[in-house]
Amino acid sequence: LQKLLLEKEISYNPDILILCEPLQGLDSKSSEIICTRIKQLKNQGKTILILSSVDFPTEYADTTYYLEGGTLLLTNIKENNHKPFKTECV
């Protein structure tokens, strides 16, 4: 269902896409499909905001913000060499 909903939203060709927990409850194959699609959209120049309470691959991010308890702990993980998130698809 999540894959279908994502494709439906993409069909409107938005410049900005906001995804809340895009990998939640998905098996590894479905997660891989979603990650691949997100990467394609990023390569098309789309702005993608991903909200996730679990690890999400940072290879999709130009800028990453790490929040804990409502406090900004880290900005732009790639520059700071700190990786609280996984760096590859599930």
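Below, each value reflects all heavy atoms present in this structure, side chains not excepted, and no hydrogens, waters or symmetry copies. Everything numeric in this text was worked out from a predicted model, so none of it was measured.
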Engineer: Considering all heavy atoms of both residues, which atom of R37 and which atom of I10 are nearest to each other, and what is their separation?
Structural biologist: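 In terms of heavy atoms, the two residues are closest at NH2-CG2, 3.2 Å.
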
Engineer: Side-chain heavy atoms under 4.5 Å apart, restricted to Ile/Leu/Val/Met/Phe/Trp/Tyr: what other residues fall into the cluster of L49, or is it alone?
Structural biologist: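 Its cluster partners, ordered by chain and number, are I16, I18, L51.
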
Engineer: Kindly indicate, with the supporting measurements, whether the criterion side chain to side chain contact (heavy atoms under 4.5 Å, CB included) is fulfilled by L19 and I48.
Structural biologist: CA-CA 7 Å; L19 305 175; I48 304 169; 4.1 Å; yes

Engineer: Using modelled atom types only, decide if a donor and an acceptor are shared between the side chain of S30 and the backbone of L26 within a distance under 3.5 Å.
Structural biologist: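 Side chain of S30 to backbone of L26: no pair is present.
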
Engineer: Do K46 side-chain atoms and P14 backbone N/O form a donor-acceptor pair below 3.5 Å?
Structural biologist: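 Yes; at least one donor-acceptor contact below 3.5 Å.
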
Engineer: Do N43 and Q40 touch side chain to side chain, with heavy atoms closer than 4.5 Å?
Structural biologist: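 No. Closest side-chain heavy atoms not under 4.5 Å.
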
Engineer: In terms of hydrophobic clusters joined by side-chain contacts under 4.5 Å, are I33 and L6 together?
Structural biologist: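 Different hydrophobic clusters.
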
Engineer: If you round to the nearest 0.5 Å, how far is OG1 of T47 from CG of L17?
Structural biologist: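 Interatomic distance, L17 CG to T47 OG1, rounded to 0.5 Å: 10.0 Å.
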
